[in-house]
Amino acid sequence: MKEKLEKIRNEVLAQIQESESLEKLNDVRVLALGKKGLLTELLKGMKEVDPKDRPKVGQMVNEVRAQIEKALESEKQKLEAAVREARLKSEVIDVTLPAAKNKVGHRHPNTIALEEVERIFVGMGYEVVEGPEIEKDYYNFEALNIPKDHPARDEQDTFYVNEEIVLRTQTSPVQVRTMEKGKLPIRMIAPGRVFRSDEVDATHSPSFHQIEGLVIDRHITFADLKGTLAQFARELFGEGTKVKFRPHHFPFTEPSAEVDVSCFKCGGKGCRFCKGSGWIEILGCGMVHPRVLSMSGIDPEEYSGFAFGVGLERIALLKYEIDDMRLLYENDERFLKQF
Ligand code: DAH
C-alpha cells in the first residue's frame, strides 16, 4: 500500500510539473483526486489493510492528498501568472508610435468651382436657389419662348419622359419658376444638373451642370449685365481679365450675347490654351425677353432684367487646366486628390 501510494505521489507530482496549461493541470487534478481518481481507487483497497494499520495508512493517504493539492495550487498560480503576463504583453499600446494616417477625401473640382462661383455672386447680394431636374416641357421650353416647333429644341437633344415632362436641358427653367413666385426684385443664381442626349467625349456628357443667373428690377440695363459679368470674370480668373460680348441668339433673351474672357494663360497674346485666339468663351447671356417676363406675370413695361448661363464643368476644366471632361466623372482617386 505504501509503495503504491509513493508511486502515485511521484507520478502525479511529475505530471503537475509537466502540465503546460491550466486545462492540462485540471486533467491531472481529476486523474489524481477525482471521484474515480487514483487516490479514491486506492482507498477502496483499505478493506484489505489490517484494521490496526488503517489509521496510519489513512494518515499517509491524507498527507499525499495534501501534497498533491499544494503542488496543484502552486502550479495553477504559476500558469495563471504566465497567462496574465502574455495577455498584458499582447495588449500593450505604444503611445509613442506614429498614428496611422486617416485617408481624407477631396472636394471634387466641380464642387470647388461651384463654391467659388457662389461665393462671388453671394458677395454681390445674390440668392442661391434650386429647381427640379425632372421638369415640365412648359418650364424648360415653352415659357422660355421656345415653342414646340422651334429649331432651338433640336440643338438641345432632349430626354423626354413623356409628352409634357423632360429631363431639363438647361437651368433656365429655374428663371421662370423664380419669376412666377411673384417676389420682386430678383437677384439669384441657380446651379444644377442638366441632361442632353449627347455621346460622351472629351467635351460632352449626357449629364453636366450649369449655373443660371437672373436679375429683375426696375431700370436694369445691358450696362448692369456687362458690369456684373466683368466683375465675375475678374474675381474668377484674376484682376487683369477682360471680357468681350459677342452678339448671339437665345430665344429667351433679347439682345443676347456670348461672353469671352481674355486668356488667363497668355494674357491674350494667343497660346495653345486659347487655341491662338487670346479669348476663351465662358457663357451665354442677355436681357430677359419681354415675352418671357409677361408669360411669368411680370410687366415688361415696368421691369427689366438680365440672365446668364454658365457651364460649371467648363469653368472647372479651365480653372484647373483639365483637358478631358471625362476625368470629372470617373472619380479616380488619383485624379481627385490633386485638387
Ligand atoms: N440656357 C442656355 C444653354 O443651355 C444658356 C443661357 C444662355 C442661359 C443665355 C441664359 C442666357 O440665362 O441668358 O445653352
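Count residues from 1 along the sequence. All ligand and atom numbering here is 1-based and tracks the order in the structure.
The backbone N or O of Ser207 lies less than 3.5 Å from a partner atom in the side chain of Tyr329, making a donor-acceptor pair. With hydrogens and angles ignored, the 3.5 Å screen pairs no side-chain donor or acceptor of Gln210 with any backbone N or O of Gly309.
Every atom of ligand 1 with a heavy atom of Gly286 under 4.0 Å away is listed here by number and element: 13 (O). Proximity to Thr253 (heavy-atom distance under 4.0 Å) selects the following atoms of ligand 1: 13 (O). For ligand 1 and Ser172, the ligand atoms under 4.0 Å from any heavy atom of the residue are 1 (N), 8 (C). Using a 4.0 Å cut-off to heavy atoms of Gln170, the atoms of ligand 1 that qualify are 1 (N), 2 (C), 3 (C), 4 (O).
Ligand 1 has no nitrogen or oxygen under 3.5 angstrom from a nitrogen or oxygen of Gly213. Of the N or O atoms in Glu212, one or more lie within a sub-3.5 Å distance of an N or O in ligand 1.
Centroid-to-centroid, the aromatic rings of Phe273 and Phe264 come within less than 6.0 Å.
Ligand 1 has at least one atom lying under 4.0 Å from a heavy atom of Gln210.
Ion pairing between Glu73 and Lys70 fails under the 4.0 Å rule for side-chain N and carboxylate O. Using a 4.0 Å cut-off between charged nitrogen and carboxylate oxygen, Arg177 and Glu135 count as a salt-bridge pair. With salt bridges taken as basic N to acidic carboxylate O contacts below 4.0 Å, one links Glu302 and Arg218.
By the criterion of a heavy-atom distance under 4.0 Å, both the backbone and the side chain of Ala307 are placed next to ligand 1. Heavy atoms of Phe252 found under 4.0 angstrom from ligand 1 belong exclusively to the side chain.
Considering only non-hydrogen protein atoms, atom 5 (C) of ligand 1 sits nearest to Gly309 CA, 4.2 Å.
Taking the six-membered ring where the residue is Trp, Phe252 and Phe250 present parallel rings, their angle staying beneath 30° rather than reaching 60°.
Contacts classified as ring-ring contact (aromatic ring centres under 6.0 Å, His included) and involving residues 90-127 (residues at least two apart or in different chains) are given here: Phe121-Tyr126, Phe121-Phe232, Phe121-Phe308.
Counting only non-hydrogen atoms, the option in Arg168, Arg196, His289, Gln175 that gets closest to atom 4 (O) of ligand 1 is Arg196.
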